[in-house]
Amino acid sequence: MLTNPLTKNITKDNIAADITRYLANDGYQGWRKAHSMAPDDIITLVKEGGLRGRGGAGFNTGLKWSFVPRGEGSPKQKFIVCNADEMEPGTFKDRLLMERDPHLLLEGMAIAAYAIGASVGYIFIRGEYHLAAERLELAIEEARSRGFIGNNIFNGEYSLEIFVHRSAGNYICGEETALLNALEGRRAIPRAKPPFPQVSGLWGKPTVVNNVETFCNIPHLVALGIDWYRGLGVGQDAGSKIFGVSGKVKNPGAWELPMGTSIREIIEQHAGGMRDGLRLKGFLPGGGSTDFLGPDHLDLPMDYDVIGKAGSRMGTGTITVMDDKTCPVGLVLNLTQFFARESCGWCTPCRDGLPWVVKVLQRIENGEGLPEDLELLQEQCERIGPGKTFCALAPGAAEPIQSALKLFERDFLDHIKKGCCPYK
Amino acid sequence: MPTITIDGEKYQVDGDQNLLSSCLTLGLNVPYFCWHPEMGSVGACRQCAMIEYKDSEDQSGRLIMSCMTPVRDGGIYSVNAETAKEFRGSIIEDLMTNHPHDCPVCEEGGECHLQDMTEMSGHTMRRYRGTKRTHRNQYLGPFINHEMNRCITCYRCTRFYNDYAGGNDLQALGRNHQVYFGRQQEGRLQNGFSGNLVEVCPTGVFTDKTFSAHFVRKWDLQTAPSICEHCAVGCNTAPGARESGNGHDPMLRRITNLYHHDINGYFLCDRGRFGYEYVNSPTRIDQVLSARNEELIGSTADTKDQLHRQVNPRDGVLHLSVQITAAQRKLRRIIGIGSPRASLENNYALRQLVGLDNFFSGLNRLDQHLLQLVNNIHSDNRITSPNTPEIETADAILIIGEDIYNTAPRIALAVRQAARNRQKKQAQDLKIPLWQDTSVRQLEGDPSPIIFIGTEFTELTDIATTTLFESPERVTLFTQALTQEISKSSKQSTEISPEFQKEVNHTAEILLKATNPLIISGISSRHLDTLNAVANLARVLSNHRKVPTKLYLNCGEVNSLGMIQLFNEKEGSLEQLMESLSVSDKEIPTSLIVLENDLYRRLDTPSVEKLLSLVDEVILIDTLLTPTAKRANWIFPASTTAESQGTYVNNNGLAQRFYAVYEGKGYIQESWRWLVDAVDFCTEKSENYSVLRSWKHSTDLSDALAREIYTLKVLAEIGPNEDFRIDGLKVARQSARYSGRTAIHAQQHVSETPPIKDPDAPMNFSMEGIHNPNKTQLQANIWSPGWNSNQSIFKFQQQVGGERKGGPSGKYIEFSQHSTQDSNVSEETSVKPTETSNNLQMLPIYRLFGSEELSNQSMSFSEVIEAPFILMHPDEISQYDTQEGELVDIETNCGNYRAEIKGSNTIPHGCIGVPFGLPGLESLAPQIPGYASLRPAVTPAISEEQ
Ligand SMILES: Cc1cc2nc3c(=O)[nH]c(=O)nc-3n(C[C@H](O)[C@H](O)[C@H](O)COP(=O)(O)O)c2cc1C
Ligand code: SF4
Ligand code: SF4
Ligand code: SF4
Ligand code: FES
């Protein structure tokens with residue numbers, strides 16, 4: 001039984017699986033099968049397969065597709081968009097997939113496009129991902145020359161064009177509606193919802209935006225079926241996932257593992273555990289915009305709802321480990337500097353609140369903090385909490401801060417009391 | 001109507017509004033920044049937070065942005081809940097981390113929405129210890145200041161400028177807390193509605209630069225409701241005036257918008273906002289002047305211009321009365337020339353003095369016929385004149401020969417909103433409320449059909465679905481063919497090419513398919529046949545659709561449609577005057593009284609010279625030293641709109657009253673008062689004199705007009721008369737906080753001078769009286785406790801975005817309703833240009849800055865008015881041995897002119913575009929449509945005519 005559908009074509013060498021190798025390894029079988037299915041049946045299959053979006057929010061992918069208006073009277077032009085912005089701190093899974101197995105993404109996008117009736121797809125890729133963009137463009141040419149995309153695919157009526165769009169760079173471009181604005185050449189600012197992109201997205205047309213990894217799950221889900229797919233997961237969620245670990249571990253990297261793999265297994269077995277002399281003090285389970293968890297949480301399985309209950313989010317599933325020799329204030333400062341800089345500037349609490357948080361954290365880190373600063377930080381985190389800002393960037397930025405204040409309160413107090421950073 | 005509960009009180013609200021505007025309509029104070037009553041909600045500032053409770057059990061509720069929340073029947077909300085208050089305070093606290101703390105030196109201070117909202121939020125303590133973000137300011141042209149450090153990043157400016165007004169040179173640049181609102185390069189803001197930034201911006205970033213030059217705080221301005229005099233749309237304004245710094249005469253200091261639901265809503269154009277400075281210009285007349293020709297003896301100047309000297313006003317009035325008496329004794333003839341830029345009252349007084357036989361409109365024959373035709377069209381009950389909200393909701397618009405952005409600018413802004421009607425329709429289908437601005441704007445929505453045919457379509461081509469640039473003859477042809485197509489009449493025009501016919505059919509199809517079509521045209525193309533064809537089209541469309549056709553006709557000047565009411569049967573043109581003068585008895589000397597009119601803008605120069613040679617003296621009552629003033633023997637200083645009371649009739653036929661904002665300097669007074677003063681001096685007895693002598697108040701004239709002229713009978717009802725009182729009191733023009741009242745004249749005399757009495761309006765030139773005449777139309781000081789900025793306008797509306805509480809200002813005049821035959825109304829009289837050896841047909845083109853007489857004299861306009869130029873199709877320019885950007889000499893039957901030649905693809909071959917009224921080329925305008933010839937300029941410069 002195939003257990004590594006996402007990485008089966010990925011070798012140790014830094015080369016992309018070209019079309020020959022891809023086809024030799026059952027490539028484009030999912031697409032061929034999907035093409036013979038009714039679009040609605042594909043949507044049902046993906047829905048029932050239990051695939052949840054890998055971009056961070058974990059929304060059921062088939063369900064998302066089903067919101068696209070279909071049939072009589074619905075707009076003819078629709079779009080499929082791949083979110084390959086991947087600017088979440090600590091996240092590098094999409095890059096791996098795009099650089100090493102670009103056809104898998106294209107095949108997933110083709111199936112998705114066919115299912116929702118889109119004839120044009122865009123891959124919105126992070127500007128720094130030069131190599132991935134080049135390899136994708138090459139793969140598009142290859143796929144087109146073999147008739148997997150382009151006009152009259154499989155000699156049928158259906159045609160599809162896919163374009164790679166390099167982002168000009170801004171974390172907010174990863175938020176799907178800001179991404180659509182950026183793609184249209186407007187300022188990258190999130191849009192008001194409703195209407196959701198599925199109803200009115202790119203240039204006002206129905207549009208589905210999915211993460212790279214989400215698309216990569218689809219070819220095998222279609223080819224090998226729901227039972228196989230559900231069986232891949234060892235916990236509550238279906239399928240496999242690319243988990244990654246960064247931080248001071250022996251073997252940082254990314255691995256395809258079943259959904260529901262325990263955090264301990266990921267960190268201790270696959271990442272080789274902490275470097276010698278260091279202890280794990282805490283970790284961000286799914287990227288820079290998730291709450292810190294502590295050593296108590298190591299045995300939790302990586303399932304969306306489980307991590308949610310523990311007070312954090314599985315996010316992108318790429319873990320950032322913090323050791324006991326790294327200053328948590330410094331780490332949170334660094335993250336907040338990123339979020340403050342990347343704020344799109346639309347809403348007040350995020351735009352003007354985060355720079356203030358940065359100043360306060362900087363002060364504490366410099367040993368100039370005041371006891372009331374902790375209260376202020378707490379207050380600021382509430383101000384940028386869910387529902388108070390226009391999009392999810394600011395609540396995301398609040399997560400590491402608010403959890404650090406709880407988990408590492410001692411460190412904050414020490415900074416203030418000693419008047420310096422105890423880690424320096 | 002949904003019922004909702006707010007802080008325990010039950011209210012009925014309009015389900016189409018969001019929670020924020022519902023609260024404001026109810027009179028509750030909810031602070032906000034990014035929401036705008038006309039531009040809707042975007043959820044950016046987060047200032048309008050309230051609490052929504054799931055049900056009556058729910059204790060904690062959920063924080064929501066009220067501007068982004070539709071009202072739900074049975075919904076329970078709170079403004080005052082502690083969490084909501086705290087959050088709103090925190091937003092101000094966040095904003096103030098970057099905002100300077102120097103209100104005393106900020107020009108927004110005292111009418112600053114940020115100040116108001118800060119107060120309202122209750123945030124008082126500063127905890128932020130960091131440095132503030134700073135920006136560099138830009139030069140944005142002569143109208144608008146830029147102080148970016150004051151920005152709170154509410155995005156209102158770019159939303160107005162780009163999304164609402166169609167501008168493209170003001171952007172939000174950069175990201176995070178460094179977002180910069182400015183141009184990519186310094187330079188004048190190009191959009192003609194840029195002045196609204198001053199009112200739209202809730203802080204001191206964008207302020208009025210012309211106001212800066214003579215700045216005072218809002219509370220130190222006295223104000224009254226007024227009408228913009230710079231075009232015929234009739235926008236309502238609130239001019240502000242105050243004594244100048246040296247303690248002498250009061251001066252006009254700025255214009256702000258005064259909300260009128262049916263006309264200007266929240267916005268004015270830049271001509272209207274910044275054109276006011278002519279009132280303070282160095283060419284302003286404020287004394288009685290008399291020409292003394294003998295002083296010219298010895299002068300070598302071969303000019304007929306008079307040298308004037310200041311005289312005692314009494315002498316002037318005496319002279320006028322002597323002439324009037326002589327006329328009474330049949331020893332002298334007095335001719336009166338009125339004006340479309342003078343109020344009905346002033347025109348009427350002159351007509352009354354000289355009698356209808358001796359009264360002329362001051363327009364040339366073509367303009368007079370055009371206006372009469374417009375008047376006729378309005379009397380047809382198959383045609384109605386749409387107001388701004390009606391234009392904004394049209395689902396197909398055909399614009400014929402009217403470059404509205406330059407001739408009736410506020411209407412262009414309305415048309416721009418109509419372009420979004422398909423998008424709005426889509427939003428409604430998706431159940432997205434129309435106030436959800438970003439949501440609606442991101443919908444696909446192709447533009448609604450907007451078809452233009454004519455010479456130039458400035459600033460609107462981006463929303464036009466079809467633009468046809470054609471000569472007036474072809475425009476007429478198109479309109480006629482369209483009429484035939486719609487009436488399905490069999491007679492096919494043979495002159496039409498298949499491609500042209502295709503456009504005709506396409507347009508017909510759009511007009512017939514639309515549920516709410518609209519036609520816009522007017523007199524600006526100066527073409528009777530076109531206007532006739534437009535009228536027929538509107539009639540035929542009405543026959544076909546069985547409802548009156550909405551037809552907006554631009555009449556050019558502020559009171560064109562009013563003035564024409566004074567000439568029912570009579571033509572009254574200047575040509576007719578000349579004809580009558582040439583056959584009149586030469587034995588009897590003639591005095592010509594010219595009322596607020598510059599004849600050189602009405603007739604070509606030789607004709608004016610001829611006209612003046614036929615009279616023995618010229619008496620002018622006007623505001624500025626015009627070319628006509630230079631030829632006058634006597635000049636009386638007239639008051640401008642802001643200094644007087646009167647009535648103008650706008651393009652819709654809406655008669656609106658304007659009130660004196662301040663008393664004017666020198667001997668300025670209403671033109672009619674000079675005439676009445678002169679009659680008062682007369683010893684002769686006559687019935688006519690006693691009528692004139694009986695006029696004490698401006699409303700005496702309006703009432704007389706209402707009695708005498710059938711179409712103007714509404715004049716008796718358009719505003720409170722002088723004797724109107726509220727609780728026994730008049731209305732104060734000055735705010736309760738007006739400072740220095742007793743000290744203003746202290747350097748002249750220590751005794752406190754009593755305020756000047758206003759004989760015309762129930763208003764005081766002082767701070768005494770009613771400050772909130774909310775239930776009347778006299779409210780011009782838009783201020784409410786806690787709401788010092790113009791945002792407080794909602795306090796004076798029946799509901800947010802609705803009618804004013806005092807009702808709409810003005811009343812529609814009653815065009816005598818009749819159904820005229822479908823024939824051309826004045827075909828026989830249509831003036832055909834005489835072709836001469838000059839081979840280029842002149843077409844009028846218009847400029848927002850440069851085509852209107854009064855605003856051209858505003859100081860700030862000198863920077864934006866183009867130097868003399870003409871337009872020609874680029875393909876043709878080389879045939880004249882010249883190239884774009886070169887100077888050319890233009891020769892017409894009446895003179896020579898020099899201008900730069902510019903290329904424009906919209907000008908048909910064989911034609912040149914001549915900017916109407918542009919300084920330096922004013923006297924070309926009345927020669928349109930005539931012919932000109934062209935050659936490269938030869939140096940030395942030919943002696944320019946005039
Ligand atoms: C600030 C912000 C940044 C985001 N960045 C990314 C990103 O880089 N890649 C991504 O796939 N999703 C990102 N998302 C999530 C997307 O908005 C969206 O949920 C996702 O692309 C949906 O795809 P999925 O359903 O396949 O997960 C981001 C969201 C936010 C609020
Ligand atoms: S929270 Fe507000 S300012 Fe921050 S990125 Fe989202 S929309 Fe922009
Ligand atoms: S913009 Fe308003 S709050 Fe800011 S300095 Fe000016 S007056 Fe004060
Ligand atoms: S300049 Fe004024 S209107 Fe524009 S964002 Fe700043 S505060 Fe708002
Ligand atoms: S007014 Fe509601 S968010 Fe700005």
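Computed from a predicted model, the values in this text were never measured in an experiment.
Here the CG-SG distance, from B:Asn176 to A:Cys350, works out to 9.0 Å after rounding to the nearest 0.5 Å. Remark: A:Arg341 CZ to B:Gln178 CD distance equals 12.5 Å, nearest 0.5 Å. Separating the CE atom in B:Met96 from the CG atom in A:Asp352 is a distance of 11.0 Å, to the nearest 0.5 Å.
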Trace of the side-chain contact (heavy atoms from CB on, under 4.5 Å) decision for B:Phe87 with A:Glu382: CA-CA 9 Å; B:Phe87 184 78; A:Glu382 276 156 32; over 6 Å; no

Steps toward side-chain contact (heavy atoms from CB on, under 4.5 Å) verdict (A:Phe390, B:Val42): CA-CA 9 Å; A:Phe390 192 78; B:Val42 295; 6.0 Å; no

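When atom types are taken as modelled, the side chain of A:Thr348 and the backbone of B:Cys45 share a donor-acceptor pair closer than 3.5 angstrom. Counting only distance, with no hydrogens or angles, the side chain of B:Arg175 and the backbone of A:Ser343 share no donor-acceptor pair below 3.5 Å. Between the side chain of A:Arg187 and the backbone N or O of B:Gln171 there is no donor-acceptor pair closer than 3.5 Å.
Between chain A and the options B:Ile91, B:Ile152, B:Thr438, heavy-atom pairs under 4.5 Å are most frequent for B:Ile91. Ranking B:Ala427, B:Gly174, B:Ala44, B:Cys34 against chain A, the residue ahead of the rest is B:Ala44, based on heavy-atom pairs under 4.5 Å. Note: A:Arg363 leads A:Arg363, A:Lys205, A:Glu184, A:Lys193 in heavy-atom pairs under 4.5 Å with chain B. When A:Ala188, A:Pro195, A:Pro75, A:Pro194 are compared by the number of non-hydrogen pairs under 4.5 Å with chain B, A:Pro195 comes out ahead. Residue with the most contacts toward chain A among B:Leu430, B:Thr131, B:Ile64: B:Thr131 (heavy-atom pairs, distance under 4.5 Å). Looking only at heavy-atom pairs under 4.5 Å with chain A, the residue among B:Asp437, B:Thr153, B:Asn98, B:Leu443 that has the most is B:Thr153.
Looking at every heavy atom in both residues, B:Leu63 comes nearest to A:Lys388 through CD2-CG, 3.6 Å. When all heavy atoms of B:Asp94 and A:Gln380 are compared, the closest pair comes out as OD1-NE2, 3.4 Å. What you find for A:Arg351 and B:Leu95 is that their closest heavy atoms are NH2-CD2, 3.5 Å. The nearest pair of heavy atoms linking B:Met68 to A:Ala192 is CE-CB, 4.2 Å. Here the closest heavy-atom approach between residue A:Gly387 and residue B:Met65 is recorded as O-CE, 4.4 Å. Contact record, A:Cys344 with B:Val179: O-CG2, 4.2 Å, taken as the closest heavy-atom pair.
Interface remark: A:Trp203 contributes backbone atoms only to the contact with chain B (heavy atom separation under 4.5 Å). Only the side chain of B:Ile432 has a heavy atom closer than 4.5 Å to any heavy atom of chain A. Interface remark: B:Tyr128 contributes backbone and side-chain atoms alike to the contact with chain A (heavy atom separation under 4.5 Å). Proximity to chain A is absent for every atom of B:Val440, based on heavy atoms less than 4.5 angstrom apart. No part of A:Asn181 comes within reach of chain B, as not one of its non-hydrogen atoms sits under 4.5 angstrom from that chain. If you measure heavy-atom distances from A:Val199 to chain B, the contacts under 4.5 Å come from the side chain alone. Neither the backbone nor the side chain of B:Ser41 comes within contact range of chain A; no heavy atom of the residue lies under 4.5 Å from a heavy atom of that chain. Heavy-atom distances place the side chain of B:Thr97, and not its backbone, under 4.5 Å from chain A. Using a 4.5 Å cut-off between heavy atoms, B:Gln423 makes no contact with chain A at all. Only the backbone of A:Glu368 comes within contact range of chain B, with at least one heavy atom under 4.5 Å from a heavy atom of that chain. Only the backbone of A:Thr389 has a heavy atom closer than 4.5 Å to any heavy atom of chain B. Residue B:Leu173 touches chain A through its backbone alone, counting heavy-atom pairs closer than 4.5 Å. Contacts of A:Lys359 with chain B are made by side-chain atoms alone, with heavy-atom separations under 4.5 Å and no backbone atom involved. With a 4.5 angstrom heavy-atom cutoff, B:Ala49 does not touch chain A via any of its atoms.
Screening A:Glu375, A:Glu379, A:Glu372 for a side-chain contact (heavy atoms from CB on, under 4.5 Å) with B:Arg127, the sole residue that qualifies is A:Glu379.
Side-chain contact check for B:Arg129 versus A:Trp356: every heavy-atom pair is 4.5 Å or farther apart.
Heavy-atom neighbours of B:Arg136 CZ from other residues, nucleotides or ligands within 6.0 Å: at or below the threshold of 12. Atom NZ of B:Lys132 has more than 12 neighbouring heavy atoms from other residues, nucleotides or ligands inside a 6.0 Å radius.
Salt bridge B:Glu93/A:Arg383: present, at least one basic N to carboxylate O contact under 4.0 Å.
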